[in-house]
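Mind having a look at this structure? Questions to follow.
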Amino acid sequence: MNTTKSIALIGLRGSGKTSLGTLLAQKLNFTFFDTDEIFVQQEKQSIAEYVARFGWECFRDKEEQILLRLPTENAVLSCGGGIILREKNRVFLKQSVFTVFLDIPVDELVKRLEKDAKKEQRPAFTAKSLAEEMQELYMTRKTFYEDTCQYKMTQYTDMASEMQLILKQYHTMG
């Protein structure tokens, strides 16, 4: 395997894509990109504000444009949770980069999201409780995540261990 190939992290919001991605990028001396952060910088508004004004479909268009412009080598990509909803994005992630699905239990995601300082910047999908919404999202997206990734990471004890597991797979899979 080409060990300069970019690594993309996918999973639901709160799964640790940005935190883990930052560590991986530092360890590999790669550039780190977060599709949500790029979107906010580019549009000069939060995702929640943008979605309220223009809708989810317009947001997904912009998200796709961002993803397809990201480097396929020497980078770690933290992808928005719904990036896998578009087939074009799934194909890109599957064929162009080493994609890791951070499969975190829903109850753990809910705990993390309830503590998240940025939660107001993220739009709700439904009027349901956070736990119900996250369970529903997990059930609808799980197959897309699994079909898109080359590695499914299910350990979530500490970031150092997670990073080592991902690096081991990154260097051996191909």
Side-chain angles (χ1 to χ4, degrees), residues 1-22 24-25 28 30-104 106 109 113 118 121-126 133-154 162 166-167 169-171 173-174:
M1 171 180 239
N2 176 4
T3 53
T4 61
K5 194 174 202 179
S6 290
I7 298 173
L9 302 178
I10 60 173
L12 289 174
R13 56 172 79 160
S15 60
K17 300 178 301 272
T18 300
S19 303
L20 195 52
T22 303
L24 280 166
L28 293 166
F30 281 8
T31 308
F32 177 73
F33 296 91
D34 182 316
T35 61
D36 288 347
E37 289 300 317
I38 294 168
F39 177 87
V40 169
Q41 290 169 1
Q42 193 175 284
E43 298 302 317
K44 300 182 182 10
Q45 59 187 307
S46 73
I47 294 170
E49 292 167 329
Y50 187 89
V51 168
R53 268 181 90 186
F54 302 105
W56 279 107
E57 204 55 35
C58 286
F59 168 72
R60 296 288 176 218
D61 290 342
K62 297 274 185 187
E63 182 180 58
E64 180 179 295
Q65 291 166 11
I66 290 166
L67 176 67
L68 299 179
R69 286 195 313 257
L70 292 177
T72 57
E73 292 191 346
N74 301 311
V76 175
L77 321 174
S78 170
C79 299
I83 213 154
I84 45 77
L85 295 173
R86 294 239 171 130
E87 184 178 4
K88 192 173 190 176
N89 296 345
R90 292 192 305 271
V91 169
F92 172 82
L93 289 166
K94 227 175 164 162
Q95 294 179 352
S96 306
V97 297
F98 180 73
T99 304
V100 178
F101 168 30
L102 303 181
D103 188 13
I104 309 300
V106 173
L109 291 172
L113 290 170
K118 291 184 180 179
Q121 295 174 22
R122 296 177 173 152
F125 296 103
T126 66
E133 187 174 282
M134 293 306 291
Q135 184 62 43
E136 204 170 278
L137 285 175
Y138 182 78
M139 296 313 292
T140 2
R141 296 179 179 179
K142 184 178 188 240
T143 304
F144 287 136
Y145 289 133
E146 290 175 339
D147 290 347
T148 303
C149 75
Q150 284 84 36
Y151 176 57
K152 178 177 164 180
M153 210 256 342
T154 53
E162 293 169 8
I166 291 169
L167 289 174
Q169 292 300 318
Y170 176 66
H171 292 299
M173 288 182 90

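Just so it is clear, the structure is predicted and the values come from calculations on it, not from any experiment.
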One pair to check against side chain to side chain contact (heavy atoms under 4.5 Å, CB included): Thr99 and Lys94. What are the steps and the verdict? CA-CA 7 Å; Thr99 304; Lys94 227 175 164 162; over 6 Å; no
Leu93/Leu67 under side chain to side chain contact (heavy atoms under 4.5 Å, CB included): CA gap, chis, key distance, verdict: CA-CA 9 Å; Leu93 289 166; Leu67 176 67; 4.1 Å; yes
If I take atom CD from residue Gln150 and atom CD1 from residue Ile7, how far apart are they, to the nearest 0.5 angstrom?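 Gln150 CD to Ile7 CD1: 10.5 Å, rounded to 0.5 Å.
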For the atom pair CG (Asn89) and OG1 (Thr148), what is the distance rounded to the nearest 0.5 Å?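 Answer rounded to 0.5 Å: 9.0 Å.
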Can you name the side-chain contact (heavy atoms from CB on, under 4.5 Å) partners of Thr72, sequence neighbours left out?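 Per chain and number, Thr72 pairs via side-chain contact (heavy atoms from CB on, under 4.5 Å) with Phe92, Ser96, Val97.
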Could you give the distance from CZ (Phe33) to CD1 (Ile66), rounded to the nearest 0.5 Å? 12.0 Å
Which residues satisfy the ring-ring contact (aromatic ring centres under 6.0 Å, His included) test with Phe32, sequence neighbours excluded? none
Atom pair CG (Leu12) and CD1 (Ile104), whose distance is rounded to the nearest 0.5 Å: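 Going from CG on Leu12 over to CD1 on Ile104, the span is 9.5 Å.
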For Phe39 and Phe59, take the angle between the two ring planes, folded into 0 to 90°, and tell me which bin it lands in: parallel under 30, tilted 30 to 60, perpendicular over 60.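 Rings of Phe39 and Phe59: perpendicular, as their planes differ by over 60°.
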Using side-chain contact (heavy atoms from CB on, under 4.5 Å) as the criterion, list what pairs up with Gln45, not counting sequence neighbours. Glu43, Glu49, Tyr50, Arg53, Phe54
Please report the closest heavy-atom contact between Met153 and Ile166, naming both atoms and the distance. CG-CG1, 4.1 Å
Output all residues satisfying side-chain contact (heavy atoms from CB on, under 4.5 Å) with Asp147, sequence neighbours left out; order by chain, then residue number. Thr143
Distance col, row Ile84:CD1 vs Glu146:CD, nearest 0.5 angstrom, shows 11.0 Å
side-chain contact (heavy atoms from CB on, under 4.5 Å) with Glu57: which residues, sequence neighbours excluded? Asp61, Arg86
For Arg60 and Glu63, which heavy atoms make the closest approach, and how far apart are they? NH1-OE1, 2.9 Å
Would you call the rings of Phe30 and Tyr170 parallel, tilted or perpendicular if under 30° counts as parallel and over 60° as perpendicular? perpendicular
Among Thr18, Leu109, Leu113, which residue meets the side chain to side chain contact (heavy atoms under 4.5 Å, CB included) test with Arg13? Leu113
Between Lys17 and Leu9, which heavy-atom pair has the shortest distance, and what is it?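 Closest approach of Lys17 to Leu9, heavy atoms only: O-CD1, 3.3 Å.
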Could you check Leu24 against Leu167 for side chain to side chain contact (heavy atoms under 4.5 Å, CB included), going step by step and ending with a plain yes or no? CA-CA 8 Å; Leu24 280 166; Leu167 289 174; 3.7 Å; yes
For Ser6, side chain to side chain donor-acceptor pair (under 3.5 Å) partners two or more places apart: none
Atom CD in Gln65, atom NZ in Lys88: separation rounded to 0.5 Å? 9.0 Å
